Amino acid sequence: RRLSALDRAKAMVPWEKERALAADLDALVDSIERELAPLSPLMAAQRLIRFVAGHGSLFNRIDDSSGRIQAVYWRGSEILPRIVEQMAGTDRASLPGLLDEALTRDSHGLIPALAIATAPLLPPVILAAWERDLSTATPDKYGQITQIRQAIADAMGKLDHYIALESSLPEHRRDPLRIATKLLEAKRASEALEWVRKAAPRSIHRDLSDDFYGAGVAPRADRDQVKLEARILEVLGERAEAQTLRWSQFTQ
């Protein structure tokens with residue numbers, strides 16, 4: 001009944017009622033996790049996904065400048081993996097469909113986060129079917145479907161498919177350092193070196209104005225990129241080149 005009331009509500013929520021609403025939502029999440037999940041993990045998962053999927057409607061009806069309401073929804077999303085762990089394997093087969101339907105209502109990245117956290121807990125046969133369904137879905141402008149497919153590929157140990165999905169993204173959305181790290185962990189250092197060098201280096205800019213310590217200063221050179229490339233070079237036996245790279249970063 002409470003979930004239905006939240007789904008139907010259209011009125012704006014006055015700021016003075018924000019704290020009481022947050023407490024009410026918190027109690028709802030607690031009921032799902034502590035009372036319903038021990039009796040039926042499947043029903044708890046269904047209702048938790050339904051609750052989280054309704055976030056956009058509520059966020060549009062309240063000025064949540066304190067972040068109190070959003071925090072409740074994020075807490076709810078973090079609970080789902082614990083509930084899924086209690087579910088029977090056959091019950092888990094319904095989760096991809098529930099998450100795919102909820103994804104159409106997402107506005108703040110909560111549902112993709114749910115799906116990514118859930119993927120490692122699903123059996124391979126369910127993951128394979130989920131991947132087939134998502135592969136025919138219309139790509140979204142934020143790349144959320146691709147992120148979920150990558151989580152599925154990760155859970156199934158399909159690194160090449162994961163990389164292919166990354167390559168399908170627009171260049172500005174790719175994360176070469178993440179791919180390089182995964183390749184290095186898979187003992188594919190030569191390929192890792194190619195990927196780490198695809199990351200655009202950020203240079204240090206001098207600014208001697210009064211705003212030196214302010215927002216006008218450009219980002220420092222990317223230390224993570226240099227550290228990762230040096231690690232890869234050492235694995236490849238290029239220790240001198242790795243040290244030269246570190247020294248160059250230091251002097252810059």
Side-chain angles (χ1 to χ4, degrees), residues 103 106 108-120 122 124 127-128 130-132 134-209 211-252:
L103 188 62
D106 183 81
H108 285 67
L110 284 156
I111 299 303
L114 274 182
I116 290 167
T118 302
L122 300 181
L127 289 172
W130 195 6
E131 162 59 20
R132 285 194 300 272
L134 289 176
S135 67
T136 61
T138 304
D140 59 285
K141 63 180 179 179
Y142 300 112
Q144 294 174 332
I145 291 176
T146 299
Q147 291 171 15
I148 298 170
R149 293 180 68 192
Q150 284 183 308
I152 294 170
D154 224 2
M156 297 181 75
K158 295 186 175 182
L159 179 54
D160 288 324
H161 186 48
Y162 188 106
I163 295 171
L165 289 167
E166 188 77 18
S167 299
S168 71
L169 293 169
E171 191 169 353
H172 69 280
R173 290 193 178 276
R174 296 175 196 166
D175 187 346
L177 299 188
R178 180 177 62 199
I179 300 298
T181 300
K182 287 184 174 295
L183 285 165
L184 182 61
E185 291 169 352
K187 304 188 186 305
R188 294 163 61 174
S190 296
E191 295 169 82
L193 186 62
E194 293 177 15
W195 271 94
V196 76
R197 288 176 173 173
K198 290 180 182 181
R202 295 179 293 178
S203 60
I204 296 172
H205 290 257
R206 290 191 178 91
D207 184 350
L208 302 181
S209 69
D211 293 329
F212 183 79
Y213 294 105
V217 180
R220 63 168 172 74
D222 196 333
R223 249 184 255 165
D224 291 339
Q225 180 182 353
V226 170
K227 286 168 66 176
L228 179 57
E229 185 173 347
R231 266 181 62 207
I232 295 169
L233 286 168
E234 288 198 336
V235 169
L236 291 170
E238 304 290 346
R239 302 193 63 160
E241 188 177 347
Q243 190 64 359
T244 299
L245 181 66
R246 293 189 186 101
W247 182 252
S248 174
Q249 166 74 5
F250 172 75
T251 56
Q252 186 186 21

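Start at 1 with the first residue, then count along the sequence. Just so you know, these numbers come straight off a predicted model, no measurement behind them.
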Point-to-point distance, once rounded to the nearest 0.5 Å, from CG of L193 to CD of E238:
9.0 Å
Got a second to check how far D154's CG is from I116's CD1, nearest 0.5 Å?
10.0 Å
Taking Q150 for the side chain and Y162 for the main chain, is one N or O donor matched with an acceptor at less than 3.5 Å?
yes
So which atom in Q225 and which in A199 form the shortest heavy-atom distance, rounded to 0.1 Å?
NE2-O, 3.0 Å
Could you tell me which non-hydrogen atom of L159 sits nearest to which non-hydrogen atom of L183, and how far apart they are?
CD2-CD2, 3.9 Å
L165 backbone acceptor or donor facing S168 side chain under 3.5 Å
yes
Out of R178, K198, R174, R149, which one pairs with E166 under the salt bridge (charged side-chain N to carboxylate O under 4.0 Å, His left out) rule?
R178
Between I163 and K182, is there a side-chain heavy-atom distance shorter than 4.5 Å?
no
Euclidean distance, Q249 CD relative to R223 CZ, rounded to 0.5 Å:
7.0 Å
Looking only at heavy atoms, the pair that brings L114 and T118 closest together is O-OG1, 2.7 Å
Between the CE atom in M156 and the CG atom in L122, the distance rounded to the nearest 0.5 Å is 10.5 Å
Work out which heavy atom in D222 is nearest to a heavy atom in D224; give both atom names and the distance.
OD1-N, 3.1 Å
Test side chain to side chain contact (heavy atoms under 4.5 Å, CB included) on E131 and K158; report intermediate values, then the result.
CA-CA 12 Å; E131 162 59 20; K158 295 186 175 182; over 6 Å; no
L228 side chain reached by L184 side chain, heavy atoms, under 4.5 Å
yes
Euclidean distance, E191 CD relative to I232 CD1, rounded to 0.5 Å
11.0 Å
Got a salt bridge between D160 and R188, using NZ or NE/NH1/NH2 to carboxylate O under 4.0 Å?
yes
Correct closest heavy-atom pair for P120 and A117 would be CD-O, 3.4 Å
Separation between CG of L127 and CG of L134, rounded to the nearest 0.5 Å
10.5 Å
Among side-chain atoms of Q243 and R246, is any donor-acceptor pair under 3.5 angstrom?
yes
Between the main-chain N or O of A240 and the side-chain N or O of T244, is there a donor-acceptor pair closer than 3.5 Å?
yes
Can you name the closest pair of heavy atoms from A230 and A242 and give their distance?
O-CB, 3.5 Å
